[in-house]
Structure formats: C-alpha cells, structure tokens
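Just so you know, ligand 1 is whichever comes first in the structure, and atom 1 is the first atom listed for that ligand.
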Amino acid sequence: MRACAGDAPPLSREEFEARLRGKSTSYHIHHPFHVMMAEGRLTRAQLQGWVANRFYYQIAIPVKDAAIMSHCPDREIRREWIQRILDHDGYEIGGVKDPGGIEAWIRLGEAVGLTRDDVTSLRFVVPAARFAVDAYVNFARQRPWQEAIASSLTELFAPHIHQQRIDTWPQQYPWVDAAGLQYFRNRLTQARRDVAHGLRFTLDYFSRSRALQERALEILQFKLDVLWALADAIMLSQCEIEIRGEKAGARA
Ligand SMILES: O=C(O)c1cc(C(=O)O)c2c(n1)C(=O)C(=O)c1cc(C(=O)O)[nH]c1-2
C-alpha cells in the first residue's frame, strides 16, 4: 500500500524550503492584471482602481499581525512580530518618527491622482476585494498562530514584484509622481527581514513531521489564492467602476 504523505519521513530543511519557494509559480506577479501593469498596459483609471482597492489589504495587514500576536504566548516571537505592526501603522518613539506603510500607501494614492479621501473612505473598494482580504484576516483570527505565521510567506516573492514596479513605472506610467513609489522601496528591506524571520520559524516548526510540512505548503497556497482572488476582483470590477468620472478601460 502506498504511504500517504503524512506517513512519509519529513523532507530535509533544504527540500522543504525549495518546495515552499517553488510555489512562486502561483504568485500574483503572474496574474494577467499584474502582467498588464508591468507591461504598461493599464489605463490611469485602472491603476487608480488597483491602488484604491489594495488599500484595503494594507489596512488589514496590521490587524492580521495583531491577531497573530494575541494568540502567541512566545515573548521572543512577539518582540520580532510587533515590528510588522509598527512598519504599517508608523510610530513616534524617543523622537524617532516613521509615518508607516499605510501613510506611504495613501501617498501612493495621491501620486496616481486620487485624493486622500478617495483612498481612506474605501469608497472604491469592491465587494470581492473585501472578501479576499477578510479571508486572510479571518484565517489569522481563527487558526493557530503558527499557521498564521506560515500564511505570511507569500512575502518570499514580494521583493521581486516591488522591484518590478520601481523599475517599470517611471517609463510605463510617467504621469505617476515618482515620490509615490517610496512604499515599494521601503518594502524591499522590510519584506526581506520579515521573510527571514517567518521562514526560519516555519522551517523549524513545520519540519517536525511530513504532515505538518504538507500543511504549511497548503497554507501558503491558500494565501497565494487570496492574492490571486484579490487581483481577479480588481480586474473584473474595472469593467464597471468609475473613478472620479473616468470610465475604467478608457485610455488616459
Ligand atoms: O505588493 C505586493 O504584491 C505585496 C504582496 C504581499 C504578499 O505577498 O503578501 C505583501 C505586500 N505587497 C506588502 O506590501 C506587505 O506589506 C505585505 C505584508 C504581508 C503579509 O502577509 O503579512 N504581505 C505583504
């Protein structure tokens, strides 16, 4: 009788890491909407629609990280994890001030021609985008904190997509104020640091059995699906939405 993966010995740490990294083929960088974005084929209204909808993901991230921390009894992990909340919410500690990633995303909104209120009011966020993002937050609220940590590992692939935007937008979308790209620049270092921690934890915790390793791979797939569904939601909605009187689909 063929043994199921649960009975098999654990993969080596290197093999397990390679299987996790191999999931990059389902990353949203391959979604048609992100391919169009990188090739400069989005209209102004479509790019605005993406920034406005993605804001809902931005504000969900620290809430998701707070859910992880609220379940985690390990002080050392909480000490590292809290940095993620500070990165997004910003802070002012001992005279050092950082407005944070949410503020940087609002500035990205302004750089693509939205107002602060267009972004923060959430008026352009479409229902399916909310559903996709809420699924991620609910996962972190309902599942064990170790699983929620593994679900953050899509960030393994994020520096590549941030770099792609830094490299392509100035040529493809010259009307975007280049100062707005600061969010992506900040994430290059923040995401690499997050991933070093999240990956180390996942390799340690889930390597206790093959079944746990398979579970980690399933969790990563779930999160890849969240991001894919978010891109689907934004792309489809742009057949219908109007941003500031501009029909999505009409070239700027
Ligand atoms: O722009 C992107 O494509 C993208 C993807 C992801 C990701 O892969 O989850 C994140 C981010 N950006 C990001 O900026 C970010 O702060 C972030 C946090 C997390 C997470 O799961 O905790 N993912 C991501």
Side-chain angles (χ1 to χ4, degrees), residues 20-21 23-31 33-38 42 47 50-69 72 77 80-90 98 100-109 112 129 132-141 143 145 147-169 180-199 201-202 216 219-235:
L20 290 164
R21 288 187 184 277
K23 292 233 166 240
S24 69
T25 50
S26 327
Y27 197 50
H28 64 180
I29 198 169
H30 304 295
H31 189 283
F33 188 77
H34 287 286
V35 171
M36 284 175 68
M37 186 185 294
L42 294 188
L47 199 61
W50 175 69
V51 172
N53 275 274
R54 247 295 291 265
F55 185 68
Y56 192 67
Y57 185 66
Q58 300 309 125
I59 57 176
I61 288 168
V63 173
K64 176 273 296 183
D65 287 321
I68 293 177
M69 286 187 59
C72 176
I77 290 181
E80 288 210 45
W81 211 264
I82 199 166
Q83 186 60 47
R84 298 178 185 234
I85 298 180
L86 298 176
D87 285 345
H88 287 280
D89 284 343
D98 177 352
I102 292 177
E103 180 60 28
W105 196 273
I106 295 168
R107 290 181 193 170
L108 174 65
V112 300
V133 172
D134 289 350
Y136 186 31
V137 177
N138 287 334
F139 185 87
R141 286 185 171 143
R143 301 299 307 168
W145 58 273
E147 292 201 356
I149 285 183
S151 72
S152 71
L153 284 186
T154 46
E155 276 210 279
L156 277 169
F157 317 123
H160 184 192
I161 200 166
H162 292 313
Q163 189 65 55
Q164 187 184 62
R165 296 175 192 136
I166 293 164
D167 292 342
T168 60
W169 283 29
L181 301 179
Q182 191 57 42
Y183 178 83
F184 304 130
R185 289 193 206 97
N186 295 346
R187 285 310 299 171
L188 288 178
T189 40
Q190 291 170 352
R192 289 194 175 102
R193 185 213 52 215
D194 288 356
V195 148
H197 181 225
L199 182 62
F201 175 84
T202 302
I219 292 165
L220 181 53
Q221 187 61 54
F222 156 75
K223 171 66 177 309
L224 288 160
D225 292 348
V226 164
L227 293 175
W228 197 272
L230 176 60
D232 278 348
I234 295 171
M235 191 168 180

Participant: Pairs under 3.5 Å, N/O atoms on ligand 1 and on the protein: can you put them in a table with the distances?
Facilitator:
unit_1   : atom_1 : unit_2 : atom_2 : d
ligand 1 : 1 (O)  : Arg54  : NH1    : 2.8
ligand 1 : 1 (O)  : Arg54  : NH2    : 3.3
ligand 1 : 1 (O)  : Arg165 : NH1    : 2.7
ligand 1 : 1 (O)  : Arg165 : NH2    : 3.4
ligand 1 : 3 (O)  : His28  : NE2    : 2.8
ligand 1 : 3 (O)  : Arg165 : NH2    : 3.1
ligand 1 : 8 (O)  : Tyr27  : OH     : 2.6
ligand 1 : 8 (O)  : Thr154 : O      : 3.4
ligand 1 : 8 (O)  : Thr154 : OG1    : 3.2
ligand 1 : 9 (O)  : Tyr57  : OH     : 2.9
ligand 1 : 9 (O)  : Thr154 : OG1    : 2.8
ligand 1 : 9 (O)  : Lys223 : NZ     : 3.2
ligand 1 : 12 (N) : Arg54  : NH2    : 3.3
ligand 1 : 14 (O) : Tyr183 : OH     : 2.5
ligand 1 : 16 (O) : His88  : NE2    : 3.1
ligand 1 : 16 (O) : Tyr183 : OH     : 3.2
ligand 1 : 16 (O) : Arg187 : NE     : 3.1
ligand 1 : 16 (O) : Arg187 : NH2    : 3.3
ligand 1 : 21 (O) : Tyr136 : OH     : 2.5
ligand 1 : 21 (O) : Lys223 : NZ     : 2.7
ligand 1 : 22 (O) : Lys64  : NZ     : 2.7
ligand 1 : 23 (N) : Tyr57  : OH     : 3.2

Participant: If I compare all heavy atoms of Met37 with all of Trp169, which pair ends up nearest, and what's the gap?
Facilitator: SD-CZ2, 3.8 Å
Participant: Please identify each residue that fulfils salt bridge (Lys or Arg N to Asp or Glu O under 4.0 Å) with Arg54, with sequence neighbours left out.
Facilitator: none
Participant: Could I get the full list of ring pair (Phe, Tyr, Trp, His ring centres under 6.0 Å) partners for His162, not counting sequence neighbours?
Facilitator: Phe184
Participant: Look at the rings of Tyr183 and His88 and say which category their plane angle falls in: under 30° parallel, 30 to 60° tilted, over 60° perpendicular.
Facilitator: tilted
Participant: Among side-chain atoms of Gln190 and Asp194, is any donor-acceptor pair under 3.5 angstrom?
Facilitator: no
Participant: So, using salt bridge (Lys or Arg N to Asp or Glu O under 4.0 Å) as the criterion, who are the partners of Arg107 when residues are at least two apart?
Facilitator: Glu103
